[in-house]
Amino acid sequence: MKGQRHSLAAKASGRRFWESSIEFSLFSCALVSVLTTAAIIFVLFSEAIFGLGGSVAFFQEVSLWHFLTDTKWAPQYGEGEFGILPLLVGTMWVTGIAALIGIPFGLATAVYLSEYASPRTRRIIKPLLEILAGIPTVVYGYFALVFITPLVIEPFAKFFGIPVDTFNAVSAGLVVGIMIIPMVSSLSEDVLRAVPRGLREAGYALGSTRFDVSVKVVIPAALSGILASFLLAISRALGETMAVNIAGGVRPTLTANPFEQICTMTSNIVAMAGSDAPAGSVQYQSIYAVALSLFAITFAMNVLSQFILNKYREVYQ
Amino acid sequence: MELRTFDNLIAQRKEEPETKPESEKQEAKSPAANPIKVETRNLDFFYGPLQALFGISMAMPEKSVTALIGPSGCGKSTYLRTLNRMNDIVEGTRIHGEVMVDSEDIYSSQVDVVELRKKVGMVFQKSNPFPKSIFDNIAFGPRIGGQRNKKELEEIVVRSLKQAALWDEVKDRLHSSALAMSGGQQQRLCIARTLATNPEVILMDEPASALDPASTSRIEDLIFELKKNYTIIIVTHNMQQAARVSDFTAFFYQGRLIEFGTTRDLFTTPKEKQTEDYITGRFG
Amino acid sequence: MSDVFQRRLKRRQRTSRIFELVCLLSTWFGLVVLVVLLTGLMLKATGTWDPTATGAAKATENWLTPTLLTNHMSSDPERAGMVASIWGTCWLILLTALLSVPVGLGAAVYLEEYAHENWLTRFIRLNIANLAGVPSIVFGILGLTAFVRMFGFFGDPTAIGVPLGIGMLKIPLPFGKSLLSGAFTLSLLILPIVIIASQEALRAVPQSIRHASLAIGATKWQTIWHQVLPASLPGVMTGVILALSRAIGETAPIIVVGAASYIRFNPGNIERMSELVTKADGLLLVPSSQYTVMPLQIYNWVLNSPDPEFKNVASAAIVVLLVILLLMNGIAVYIRNHFSKRLDW
């Protein structure tokens, strides 16, 4: 051993190079996700606003004012009318109905799973709900169009004497609502379970019933996290495409009647992408403007809910 | 009264070599005369803004057992981990001063941590076998060291298991999962795994604290065997254990080295009052 | 006073029980819908009972036939099959897995094993979480622009050849409406899911394994490659399978990046399993081939077919799609349960 100076430095440099090139490759993999976001933003902005890469930008042809205030969306008609309001209204109908279904059922499921269910029940029910979440959205669309509209919506509406379109917002909203139940329930359950046991025990020690503890202690304590889960689920409903396209239709109507055919932003993109509008034309470029609006709305909601969830986790850790 | 008990324990150990061959007896007798293997000079250590070690200077001779004792949080484990730079993997740690292994500063920029850790092995508090077979657990070190020869690998595995006094128990199931072994066996497997890379120094971080008394005594016997060839530094909570297995003992308190000396001196005639309070259990 | 208390207590307990019942029924609601959906589809696909059929005849014929799996598209619902979409889905998912798993796992390893806690890491994490929430149709738009058209960068479509062992692999530039466009788009779409699932699997590997390996003198990468990755493999595989089964069901981005609606051939003209071995030139054509996928086939049968009988064919195709997804989920659950028992630290 003696005299063998720097015996510990042997073979180091080659290995260091190898190790750091691996680290660099892995870092590049992690950067792909950042680049994807950057690419999405670049594509939407360049095609909708700046018109890079040879194609005409949508907002160079149609003013933002018209886009936001016109009450008609008819890209194929004459010069084309590009008012996003009908698409927004269609989206709002579907999302609103979905939230009306998905949020209460999802939250009640979460409360049941976290406050009442035994671990065994939870182990059985959660995978079943995951199946519900794993069913492709085309299938939900089919289910809505072929089963829900004729068997549930039509008899119901007929009873009140309301005419129902084959494609309508109610049936689309219903299935989207069912689709987001598992999302609301699993996110909210995580949030509820993060509430410390001590809080619950304090509630019981004061003689509270389970109802009191759930509604007056646990849910208020978890409120911000629950709201964040609602936001995420609503953003998911906003972006839902196939079920809405199949069940809700593709006719942009500025309507107050959810039993009519509507067209959401997402549904419109699918319809335009499948149409024969020539690439680069203003009709074709309109999908970028719609996609940009959709992306902006969902992005804002996602960032907000992430922010709330992070704050929430800080409180209970 | 406590002191006398320790004294007796040490006396028992001292008697043992009498029954052993002449060569071993000599080694066991005078480790203090051996050349210095590991040494730290003015070692300060920081976790972020928090200083965990204050100016630790001590030197450990070759082929000896040094026990680090002290209450929890006193810095003994942190100190142990500076000796093979395991603290490097904790983010935000800093070090001042020198750590020398064979008179070479292991924190110098030329030192390759990988080579250092092959030379300075480590056994952890909780046994941590890889979720693989017994054979693969031990062969892992030599394999990543470039040993591809199957026959030599087998020899290394057999030798390491024998050295760790585990061979007889596992020789028929070398290829079954290491996770199926008992806690004590797992810990000896971890020792065998460390031995397989031919270290010169072995660091042990409370290696027996999670084990039953029988397994503990086997580990202690093993340490006593191993010090013939290796320099061993062991952190322990258990003062009887320190007294039983070590040649030297260092008492740490609040990040400072309070006293360091031969185990016999430290336990029988401690110089510092804090040391005396601690080893007699009168610690406030 | 105790009388008042007793009455109140009773009322409160009743409220509590009603609340429990409401929660329980809500939980059941989702599950009942699931059962209704599955049985409804099954009955319609097999023609056992069709509640939506007009007239007295509530039973039609069985649409779940072997020809559905072996025939190509046809304008005759009796003879229409989905074989092109089954092969298309298989190829698309294979390519997607090849692209997304290495990158996703690599990103997860970087974030869990290498990344220091600084603004860049936090930014990457936040970005992944947000990317997971971007609507899939937006990924379709990205794919359309970046892969199908490649920003119009190549004025005229061209191609480059990549020499492989079995011949020349032609890659069209821009990708056009080929499997490559679809696979790249879906890869980016499921990348966040793969990363998040892999991160969880890596986090489940106890720190003590890493310490043991490092203390023996293994480098960081040796530790990851020989110890951490093998130990996390079951978790990673479960996550990857679940992510891929999500990709199988995706329709919207695939429509946008131009999977063809009516297509009567398989990618690379490979019609049989055996041709995977015998038809090397066909294999090389697969990535640049046009394709369709199962959910898209279903979509077209539901909406774009004049004959209403195609809605029945669609229900049979949905059953096929769900069976495949169920199988994949089953495998994932099996791997998770089987290996988590064995690797219980």
Side-chain angles (χ1 to χ4, degrees), chain A residues 15 19 22-23 25-27 29-30 32-34 36-37 39-40 43 47 53-55 105 108-109 111-112 116 125 128-129 131-132 134 136 138-139 142-143 145-147 150-151 178 181-182 209-211 232 235 239 241-242 246 266 269-270 273-274 287-288 291 294-295 298-299 302-303 306, chain C residues 12-13 15-16 19-20 22-24 26-27 29-31 33-34 37 40 51-52 103 106-107 109-111 114 124 126-131 133-138 141-142 145-146 151-152 188 191-192 195 219-221 245 249 251-252 255-256 295 298-299 302-303 311 314 318 321 325 329:
Chain A
R15 180 153 54 214
E19 287 281 318
I22 285 175
E23 179 171 352
S25 321
L26 296 171
F27 176 66
C29 291
V32 170
S33 73
V34 178
T36 306
T37 308
I40 289 175
V43 162
E47 300 285 328
S55 47
F105 280 103
T109 305
V111 170
Y112 179 76
Y116 289 96
I125 290 182
L128 287 175
L129 287 173
I131 294 183
L132 202 61
V138 192
V139 179
Y142 180 86
F143 185 63
L145 179 68
V146 175
F147 291 97
L151 297 179
I178 292 167
I181 289 177
T209 59
R210 282 213 176 183
F211 169 75
L232 278 178
S235 133
T241 310
M242 294 321 293
I246 295 173
T266 52
I269 295 172
V270 170
I287 64 174
Y288 290 102
L294 176 68
F295 178 74
T298 52
F299 187 77
N302 290 343
V303 170
Q306 287 298 333
Chain C
R12 283 174 54 208
Q13 281 172 343
T15 319
S16 186
F19 180 68
E20 179 176 358
V22 168
C23 290
L24 180 66
S26 299
T27 308
F29 174 74
L31 302 180
V33 169
L34 180 66
L37 190 153
T52 55
V103 175
V109 168
Y110 177 78
L111 289 172
Y114 287 91
I124 294 177
L126 187 70
N127 174 68
I128 290 169
N130 277 316
L131 206 57
V134 171
S136 61
I137 188 88
V138 173
I141 302 271
L142 171 67
T145 318
F151 304 100
L188 294 185
L191 194 60
I195 295 175
T219 64
K220 192 158 194 165
W221 176 243
S245 64
T251 323
I255 291 185
V256 178
I298 293 163
Y299 175 72
V302 174
L303 279 191
K311 286 208 173 61
I318 287 175
L321 176 63
L325 288 177
N329 276 276

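Chain naming here is simple, since letters A, B, ... match the order of the sequence lines and numbering starts at 1 in each.
- Separation of atoms CD1 (C:Ile137) and CD1 (A:Ile287) is listed at 8.0 Å; rounding is to 0.5 Å.
- Heavy atoms closer than 4.5 Å to chain C are found in both the backbone and the side chain of A:Glu23.
- Nearest heavy-atom pair, C:Gly133 versus A:Ser235, reported as atom, atom and distance to 0.1 Å: O-OG, 4.1 Å.
- Listed here is the closest heavy atom pair of C:Cys23 and A:Val111: SG-CG1, 3.8 Å.
- Of all heavy-atom pairs between A:Pro136 and C:Leu321, the closest is CG-CD2, 3.8 Å.
- Counting heavy-atom pairs closer than 4.5 Å to chain A, the top residue among C:Lys220, C:Arg12, C:Gln13 is C:Arg12.
- Rounding to the nearest 0.5 Å places CH2 of C:Trp221 at 15.5 Å from CZ of A:Arg15.
- Most heavy-atom pairs under 4.5 Å with chain C, from the set A:Val43, A:Leu232, A:Leu128: that is A:Val43.
- Residues C:Thr15 and A:Thr209 have side chains not in contact (no heavy-atom distance under 4.5 Å, counting atoms from C-beta outward).
- Here the side chains of C:Leu37 and A:Val139 are in contact, with some heavy-atom distance below 4.5 Å.
- With a 4.5 Å cut-off on side-chain heavy atoms, A:Val270 and C:Tyr299 count as touching.
- Contact annotation for A:Phe105: both backbone and side-chain heavy atoms come within less than 4.5 Å of a heavy atom of chain C.
- Proximity to chain A (any heavy atom under 4.5 Å) is restricted, for C:Leu191, to the side chain, taken from C-beta onward.
- Distance OG1/A:Thr36 to CD1/C:Ile128: 9.5 Å, rounded to 0.5 Å.
- Interface residue A:Phe27: backbone and side-chain heavy atoms are both found under 4.5 Å from chain C.
- To the nearest 0.5 angstrom, C:Thr27 atom OG1 is 7.5 Å from A:Leu129 atom CG.
- Looking at heavy atoms from C-beta onward, A:Leu145 lies in side-chain contact with C:Lys311 at the 4.5 angstrom threshold.
- For the set C:Ile298, C:Leu303, C:Leu126, C:Val22, the count of heavy-atom pairs under 4.5 angstrom toward chain A peaks at C:Leu303.
- With a 4.5 Å cut-off on non-hydrogen atoms, C:Leu24 touches chain A through its backbone and its side chain both.
- The distance from the OH atom of A:Tyr142 to the CD1 atom of C:Ile318 is 5.5 Å, given to the nearest 0.5 Å.
- Residues C:Val134 and A:Thr298 form no side-chain contact, since every pair of their non-hydrogen atoms from C-beta on lies 4.5 Å or further apart.
- For chain C, the nearby parts of A:Ile40 are the backbone and the side chain; heavy atoms of each come within less than 4.5 Å.
- When heavy atoms are compared at a cutoff of 4.5 Å, A:Ala108 approaches chain C by way of both its backbone and its side chain.
- Counting heavy atoms from C-beta outward, C:Leu111 and A:Leu26 have side chains that stay 4.5 Å or more apart.
- C:Val138 touches chain A through its side chain: at least one heavy atom from C-beta onward sits under 4.5 Å away, while N, CA, C and O do not.
- When side chains are defined from C-beta on, A:Val32 counts as touching C:Leu188, because their heavy atoms get closer than 4.5 Å.
- Of the listed residues (A:Tyr288, A:Phe299, A:Tyr112, A:Phe295), the greatest number of heavy-atom pairs within a distance under 4.5 Å of chain C belongs to A:Tyr112.
- Chain A forms the most heavy-atom pairs under 4.5 Å with one residue out of C:Val256, C:Thr219, C:Ile124, and that residue is C:Thr219.
- Using the six-membered ring where Trp is involved, A:Phe211 and C:Phe19 have ring planes that are perpendicular, over 60° apart on the 30 and 60° scheme.
- Rounded to the nearest 0.5 angstrom, C:Asn127 CG and A:Gln306 CD are separated by 11.0 Å.
- Neither the backbone nor the side chain of C:Asn329 comes within less than 4.5 Å of any heavy atom in chain A.
- Contacts between A:Ile22 and chain C at a heavy-atom distance below 4.5 Å involve the side chain alone, from C-beta outward.
- Heavy atoms closer than 4.5 Å to chain C are found in the side chain of A:Ile178, but not in its backbone.
- Tested against A:Cys29 for a side chain to side chain contact (heavy atoms under 4.5 Å, CB included), the candidates C:Val103, C:Ile195, C:Val109 yield a single pass: C:Val103.
- In terms of non-hydrogen atom pairs under 4.5 Å with chain C, the most contact-rich of A:Ala30, A:Pro182, A:Ala291, A:Gly134 is A:Ala30.
- Heavy-atom distances place both the backbone and the side chain of C:Thr145 under 4.5 Å from chain A.
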Check your understanding: C:Phe29 and A:Ile181: side chain to side chain contact (heavy atoms under 4.5 Å, CB included), yes or no, with the steps?
Key -> CA-CA 10 Å; C:Phe29 174 74; A:Ile181 289 177; 3.8 Å; yes
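- Nearest heavy-atom pair, C:Gly249 versus A:Val138, reported as atom, atom and distance to 0.1 Å: O-CG2, 4.4 Å.
- Using a 4.5 Å cut-off between heavy atoms, A:Thr37 contacts chain C through both its backbone and its side chain.
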